[in-house]
Amino acid sequence: MNDAQFFDRLKEIISPYVQNQEAFTDLKEDTRFIEDLQINSANLVDVVLDVEDAFDIEIDNDSMEKMLTVEASLKVIKEKLEG
Amino acid sequence: MIGNDVVDLSLSAFDSERRFWRYSQKVCSRIELNQFGQFESKQQSLWRFWSLKEAAFKAAVRLGYQGLFRPAKIQVELLDSVRAIIQFDQYRFKGKTHIELQQLWSDVILEDAEFKSIVSVQRRNTVSVSYKGRLPFVESDTGAKLPASISHHGSFFRLIHLSA
């Protein structure tokens, strides 16, 4: 899976939880989940669970807390996949 | 200082028991998980813990806490079907949670303060709300700015503020 495919897969995962569609349309690596996409804090946990399922990885609480932007989330996913 | 949080339970259901427990383990400690179902249904317990943690976080932010919301780092102990104690950072709060049909909400206040100093506003348009940064205030009849906390989820909205 290349970087663009990781990005697209993550975009697909967060899609159901996004409340600011304008920011989602213009999704970038530095897009923030809460402030820009207006994903509520309870749904951030859903994003983490969906990421775990999609990539067959386990995300510990310390890593979960870092997943506040697209870029940070992709970094966590790649780190977990590299094991 | 005060904080509140409301949960629309109709929007907070889980597809499966497995998903429910995976979610709960991301949010609650083992000690907290052991209290699930003790005073309400297990799913209500999860959202009770969640709302108390979120409300305590809001109250801590008002007291100067500058970190992010990390629910697993906030410790909640349920005392009965309504009351709870919340320990977060250097702060200790007491909380009250109520459940009415699909609405679950929690209010928290510093442990040594009184719940009677919290005013609950039923209709948002009956008060004037202003913000200092991201912190809401309600303007009193005399023009004083009273610390407030606002929460909305789904079809529910709750606003509380300290009394004048």
Side-chain angles (χ1 to χ4, degrees), chain A residues 9-10 12-24 28-81 83, chain B residues 3-30 32-33 43-44 46-58 60-61 66-75 104-106 133-134 150-157:
Chain A
R9 188 72 186 93
L10 181 61
E12 189 182 334
I13 288 168
I14 62 179
S15 169
Y17 309 111
V18 168
Q19 294 185 57
N20 181 352
Q21 290 301 326
E22 194 177 330
F24 186 62
K28 297 171 184 159
E29 291 227 332
D30 63 355
T31 299
R32 299 168 298 179
F33 289 160
I34 295 175
E35 296 88 343
D36 300 328
L37 300 177
Q38 293 171 14
I39 296 175
N40 76 39
S41 52
N43 284 145
L44 277 185
V45 183
D46 286 306
V47 168
V48 171
L49 294 179
D50 290 349
V51 164
E52 287 186 336
D53 291 340
F55 293 97
D56 194 22
I57 55 177
E58 188 170 335
I59 298 172
D60 55 275
N61 279 351
D62 287 342
S63 298
M64 180 173 82
E65 289 162 4
K66 297 175 187 167
M67 294 174 63
L68 296 172
T69 66
V70 170
E71 184 178 27
S73 300
L74 291 171
K75 186 165 182 267
V76 167
I77 292 166
K78 289 173 185 174
E79 283 173 358
K80 297 298 177 189
L81 284 171
Chain B
N4 76 336
D5 189 56
V6 64
V7 177
D8 185 337
L9 296 173
S10 70
L11 300 178
S12 308
F14 289 88
D15 293 342
S16 68
E17 181 87 356
R18 182 170 177 270
R19 175 92 176 189
F20 166 75
W21 285 111
R22 286 176 64 208
Y23 190 105
S24 300
Q25 287 165 4
K26 299 280 188 206
V27 172
C28 293
S29 69
R30 188 167 296 278
E32 291 166 344
L33 291 172
Q43 196 155 134
Q44 287 171 339
L46 167 61
W47 296 117
R48 185 178 173 195
F49 276 105
W50 177 277
S51 66
L52 286 163
K53 289 173 183 232
E54 181 107 38
F57 171 74
K58 289 180 182 177
V61 167
Q66 295 187 337
L68 299 167
F69 177 51
R70 296 183 170 98
K73 299 270 169 64
I74 303 172
Q75 290 90 45
L104 180 154
W105 74 96
S106 295
R134 298 179 68 180
I150 298 172
S151 179
H152 46 81
H153 184 222
S155 53
F156 299 116
F157 167 85

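First the proteins, then the strands, lettered A, B, ... as listed; each starts at 1.
- Options Ile34(A), Asn40(A), Asp53(A) differ in how many heavy-atom pairs under 4.5 Å they form with chain B, and the most are formed by Asp53(A).
- With sequence neighbours excluded, the residues forming a side-chain hydrogen bond (donor to acceptor under 3.5 Å, both in side chains) with Trp50(B) are Glu54(B), listed by chain and number.
- With a 6.0 Å radius and a threshold of 12 heavy atoms from other residues, nucleotides or ligands, Lys78(A) has its NZ atom above the threshold.
- Side chain of Lys26(B) to backbone of Leu49(A): no donor-acceptor contact under 3.5 angstrom is found.
- Residues of residues 5-23 of chain B lying within less than 4.5 angstrom of chain A, judged on heavy atoms, are Arg19(B), Arg22(B), Tyr23(B) in numerical order.
- Taking a 6.0 Å sphere around NZ of Lys75(A), one finds it holds 12 or fewer heavy atoms contributed by other residues, nucleotides or ligands.
- Scanning both residues, Lys73(B) and Asp62(A), for their nearest heavy atoms gives NZ-OD1, 4.0 Å.
- Annotation: the span from Ser41(A) atom OG to Lys53(B) atom NZ amounts to 12.5 Å, rounded to 0.5 Å.
- Chain B forms the most heavy-atom pairs under 4.5 Å with one residue out of Asn43(A), Asp46(A), Leu44(A), and that residue is Asp46(A).
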